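To start, the structure itself, in structure tokens.
The figures that follow rest on heavy atoms only: side chains count, while hydrogens, waters and symmetry mates do not. Predicted model, so just to flag it, every value in this text is computed and none were measured.
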Amino acid sequence: MKLLDTYSDSDEADRVCSLLEEKGIPVFRQNVGGYRRSPGFPVFVCLDPQMEDARTILKFPSHTPAEPMDAKQFHCEVEADSMKLTFNYLFVPCLVIVVVIAILLTAIYFLAAK
């Protein structure tokens, strides 16, 4: 993911995002300023190989990218992958902790019964 540009106007950032995604270039737009402490609204091109096509589209809106893709599908897939990571990094460790606690409580119970 590479920074395309930072826009001072939220509406302009939205316009750029809409144009690029309609052309098949998935983008990510930060809703608040703050990329490297700069004011404004940063817009990132999600796939590095599409950066030159994105720049060309901003200069020549009729340009067609070399490898366009369905931006909505891309964002859905990224979100699904994010949910998998959340499951792996939160649920699995919590399950391990519960099992360890159950083993410890069982051990304490049997030691206290002697």
According to a hydrophobic-cluster definition based on side-chain heavy atoms being under 4.5 Å apart (Ile, Leu, Val, Met, Phe, Trp, Tyr only), do L58 and V43 belong together?
yes
If you round to the nearest 0.5 Å, how far is CG of L20 from CZ of R29?
13.0 Å
Residues that F60 engages under ring-ring contact (aromatic ring centres under 6.0 Å, His included), provided they are two or more places apart:
none
Considering all heavy atoms, the nearest F41-S8 contact
CE1-O, 3.7 Å
Side-chain donor-acceptor pair under 3.5 Å between R15 and S10, yes or no?
no
Check for me, please, whether V27 and L3 land in the same ILVMFWY cluster - side-chain distances under 4.5 Å, paths through other members count.
no
Below 4.5 Å, heavy atoms only, C-beta onward: do F44 and K2 meet side chain to side chain?
no
Enter the distance from M69:CE to L47:CG here, rounded to the nearest 0.5 Å.
5.5 Å
By the side chain to side chain donor-acceptor pair (under 3.5 Å) test, which pairs, at least two apart or in different chains, include something from residues 16-26?
E21-H75
To the nearest 0.5 Å, tell me how far D53 CG sits from H63 NE2.
4.0 Å
Would you say D5's side chain and P42's backbone share a donor-acceptor pair under 3.5 angstrom?
no
When rounded to the nearest 0.5 angstrom, what distance separates OG1 in T106 from CG in L111?
11.0 Å
Can F28 be reached from M51 by stepping across I, L, V, M, F, W or Y side chains whose heavy atoms are under 4.5 Å apart?
no
side-chain contact (heavy atoms from CB on, under 4.5 Å) test vs P26 passes for just one of Q50, E77, K72, namely Q50
Atom pair CD1 (I57) and OG1 (T64), whose distance is rounded to the nearest 0.5 Å
7.5 Å
Just how far is it from atom CD1 of I108 to atom CD1 of I101, taken to the nearest 0.5 Å?
10.5 Å
Connected via hydrophobic side-chain network under 4.5 Å: V92 and V100
no
